Amino acid sequence: MAGSAILDSRGNPMAMLDSVTSAIQSAATVHPFQQQQSAMSHLFAPQLAFAAYLASGLLQKVIEIPASDRVREWRDWQADKDQIEAIEAEERRLGLVAKVKQAETLRGIGGGALILAAPGNPDQPIGDISKGQLQAINVVSRWQLTGENYVTELTDPAYGTPRMWSMANEKATAKIHPSRVICFRGDPLPSGYGVSGDQLFWGQSRLVRVWRDVERSDQAQGWFAALVRKAKLLRIGIPKLTDYTMTDNGQQRLDRRMAAIAMGESVLNATVFDSGDGMTPAETITDYQVQWTGIPAMMDAFDQRVAAVADIPFTRLMGRSPAGMNATGAYDDQNWAKTVSAGQQLETRPCLEQLDRTLIQSAGADPEKVTWKWAPLWAPTEKEDADTFKVLMEAVEKVQGTGAIPDRAFAEGFQNLLEEREYIPGLGAALAKIPEAERFGLAEREPEIDADGNPIDPSSIQTEGGDPASTRRGGGDDGSVAPARRAANDAKPISLYVQRKLLNADELIRWAKAQGFKSTLDASDMHVTVLYSRTPVDPIKMGTTWADNDKGELSIKPGGPRAIERLGESAVVLLFASDDLSWRHRAMVEAGASHDYEEYQPHVTLTYDAGDVYLDAIKPFVGALRFGPELFEPLDLDWKSKVTEADA
């Protein structure tokens, strides 16, 4: 038996080589165009298409990954809350998401369709329906449908589509009107090359495009897997082997010898061989180890070819993390998100829009008042959302500060922005209940009346110890405007100084004392400068910051970049980093303010008399810094003479 097995193994490769050579010669006599026609005609056969799909796990992934990702996050409805809930309930009742995924999978194989079951004869247009009348949505493959009477008139909008579908079952053939059939078709095929009718309508499937490369990848995987069985080969050299096999007795001796070697390998994990007697040649038994170097790279090369043809990132197709230094896969994710989004917009959305009117009516909603958009494929983190919102609001604030857009137009546009970005859920519905003039901030409020029946100006409410007359609208008998009213409305440009007082200055002073400072600024003088503008500006156009808490305060978290340095000739300051302060300062400069230095660096001045303290040896204060609200003041160029210091 062992001898015959050896002879068979020597004979089979020759027979295989003859077979391959014959196939190559036969293929060389066929014109490439004929080969392509033959391949297309066979691949469009349902049995072969589904056999190819079911036989390869890699091919299934190529088809199913795009289908799954297109419906993974589904869609977001834009309507009243009760309508959205009704539509989503109808989608769940009909199992719509799963059925659209199934139809998208069929699109990849060769084509599929959703069949709408609703009142009326199937061969008649579906028309408008009432609540709950969409009975079912069923999925069929393209091979279960036959198009009839295709439109061939080029001026007809329905050119290339059938006027009627037929579908055969066990009992009879049913006619189905095209309005009840939502087709998931492949990429269009070029007409005039031997395809027409159904093939031309359904187009080219993803399976046809990738199957050859998937087949090669699967074959390579199979060939390399076969090497595992030959990871260790036992090569046996037997003197005069040919002489043995020429006689029956010699063949029997050889068989017994091979059986003994095999038994020793399997039972004793040892190889017993004839070492010779010095006069006759000895058997030689050599272990041959397969070299795996380069094989994984070669296997990846085949898979990468599949990923390229399928237009799916290799990391997504193979479920592997990105390779290479500092590789995060973000680039692949972004490209794949764009590809999926394009497929959603160009292929899936048109199919759903054919369905939506019927679906929305079946949910009891008005199709004219309902819209939707695809849900994001990859949701940003909360920090990314917050950063985006912050940058956007700063841009909006700057645009508003220019005064180039009228208030009404700006309010309308800003509200639309908030609705579209969905930063405030339900904002559109809430605003719709408000009168238009009040909605855009144009309605005058009814003035409050004081005890004497005079209207109170809310912008000039009396402060403690103030003159009651200054709270009244209209001012004196000469018609002049009251001073407080004038201050609120008259935004006269001034040289502007903006600061925030340090609320926890006592903590900083205690730290300075521990570091050896003899004196520090008084706690009431410690602050951070936000703006020092010699250029006169309108304070109102400087806008406001949104980074404050409810009390208008700003906190700098403990830690982070800190430094103790000299500023100017004598000031010693604590430098710290704050994006909020830097962005706020930049916004005011862009609104017209000036700044004496090239860069803005947030800092708190500690002292103007550091004495002999060695600053390089000081470890900066790392505690939290809490600042009060922004204080707007006219710029005082003689401010330094008014600063006082207290002993530390």
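Worth knowing before you read on, the calculation uses all heavy atoms, side chains too, and leaves out hydrogens, waters and symmetry mates. Small disclaimer: the values here were computed from a predicted structure and weren't measured.
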Please report the C-alpha distance between Lys99 and Val71 in whole Å, then the side-chain angles of each, then the deciding distance to 0.1 Å, and finally whether the side chain to side chain contact (heavy atoms under 4.5 Å, CB included) criterion is met. CA-CA 10 Å; Lys99 290 176 180 177; Val71 303; over 6 Å; no
Verdict with reasoning, Lys61 to Leu317, per side chain to side chain contact (heavy atoms under 4.5 Å, CB included): CA-CA 7 Å; Lys61 291 192 69 174; Leu317 180 63; 4.2 Å; yes
Dump the intermediate steps for side chain to side chain contact (heavy atoms under 4.5 Å, CB included) on Glu64 and Tyr53, then the final yes or no. CA-CA 10 Å; Glu64 291 183 2; Tyr53 173 74; 2.4 Å; yes
Please step through side chain to side chain contact (heavy atoms under 4.5 Å, CB included) for the pair Asp356 and Trp372, ending with a clear verdict. CA-CA 10 Å; Asp356 283 342; Trp372 64 273; 2.8 Å; yes
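A 4.5 Å side-chain heavy-atom check between Arg107 and Cys351 finds at least one atom pair inside the cut-off. Counting heavy atoms from C-beta outward, Thr358 and Pro367 have side chains that stay 4.5 Å or more apart. Inter-residue side-chain proximity for Val309 and Arg209 is flagged as met; some heavy-atom pair is nearer than 4.5 Å. Proximity of Asn335 to Pro313: side-chain heavy atoms (C-beta onward) are nowhere separated by under 4.5 Å.
Applying the side chain to side chain contact (heavy atoms under 4.5 Å, CB included) rule to Ala220 yields the partners Phe224, Phe302; only residues at least two apart in sequence or on another chain are considered. Residues satisfying the salt bridge (charged side-chain N to carboxylate O under 4.0 Å, His left out) criterion with Glu215, sequence neighbours excluded, are Arg212. Scanning for side chain to side chain contact (heavy atoms under 4.5 Å, CB included) contacts around Lys557 gives an empty result, with sequence neighbours left out. Legend: residues meeting side chain to side chain contact (heavy atoms under 4.5 Å, CB included) with Arg185, ordered by chain and number and at least two apart, are Cys183, Phe201, Trp202. A search for ring-ring contact (aromatic ring centres under 6.0 Å, His included) contacts involving Phe389 returns Tyr423, Trp546, not counting sequence neighbours. Not counting sequence neighbours, the partners of Glu353 by the side-chain hydrogen bond (donor to acceptor under 3.5 Å, both in side chains) test are Arg349. For Ala337, the side chain to side chain contact (heavy atoms under 4.5 Å, CB included) partners two or more places apart in sequence, or in a different chain, are Leu377, Trp378. In this view, Arg216 satisfies the side-chain hydrogen bond (donor to acceptor under 3.5 Å, both in side chains) rule with no residue, not counting sequence neighbours. Residues passing the side-chain hydrogen bond (donor to acceptor under 3.5 Å, both in side chains) test with Asp213 are Arg305, sequence neighbours excluded. Under the side-chain hydrogen bond (donor to acceptor under 3.5 Å, both in side chains) criterion, Glu90 pairs with Arg93, Ser362, not counting sequence neighbours.
The backbone N or O of Ser141 sits less than 3.5 Å from a side-chain atom of Gln144, completing a donor-acceptor pair. Between the side chain of Lys373 and the main chain of Trp77, no donor-acceptor pair closer than 3.5 Å is present. Judged by distance alone, the side chain of Glu104 and the main-chain N or O of Pro66 form no donor-acceptor pair under 3.5 Å.
Of all heavy-atom pairs spanning Gly108 and Ser205, the tightest one is O-CB, 3.3 Å. The two residues Asp218 and Ser56 make their nearest non-hydrogen contact at OD2-OG, 2.6 Å. Nearest approach of Ala79 to Gln83, heavy atoms of both residues: CB-OE1, 3.6 Å.
To the nearest 0.5 angstrom, Trp74 atom CH2 is 9.5 Å from Gln344 atom CD. With rounding to the nearest 0.5 Å, the separation of CG in Leu96 from NZ in Lys101 is 14.0 Å. To the nearest 0.5 Å, the span separating CD on Gln354 from CG on Leu359 amounts to 13.5 Å. Going from atom CG of Leu207 over to atom CD1 of Ile109 covers 7.0 Å, rounded to the nearest 0.5 Å. Atom CG of Asp303 is separated from atom CZ of Phe314 by 5.5 Å, given to the nearest 0.5 angstrom. Within the model, atoms OG1 of Thr339 and CD1 of Ile312 stand 9.0 Å from one another, a figure rounded to the nearest 0.5 Å.
A side chain to side chain contact (heavy atoms under 4.5 Å, CB included) with Arg70 holds for exactly one of Ile65, Val340, Val100; it is Val340.
With no hydrogens or angles considered, a side-chain donor-acceptor pair links Asp69 and Trp336 at under 3.5 Å. Side-chain atoms of Asp248 and Gln252 include no donor-acceptor pair closer than 3.5 Å.
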Give the table of side-chain donor-acceptor pairs shorter than 3.5 Å for residues 111-138, with sequence neighbours excluded, one pair per line with atom names and distance.
| residue | atom | partner | partner atom | Å |
| --- | --- | --- | --- | --- |
| Asp128 | OD1 | Arg357 | NE | 3.4 |
| Asp128 | OD1 | Gln361 | NE2 | 3.0 |
| Gln133 | OE1 | Ser130 | N | 2.8 |

Tabulate below the donor-acceptor pairs under 3.5 Å that side-chain atoms of residues 160-168 make, not counting sequence neighbours, or state none.
| residue | atom | partner | partner atom | Å |
| --- | --- | --- | --- | --- |
| Thr161 | OG1 | Ala158 | O | 2.5 |
| Arg163 | NH1 | Asn149 | OD1 | 3.4 |
| Ser166 | OG | Thr146 | O | 3.4 |
| Ser166 | OG | Glu148 | OE2 | 3.2 |

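By the 6.0 Å and 45° rule, Arg75 does not stack over the aromatic ring of Trp374.
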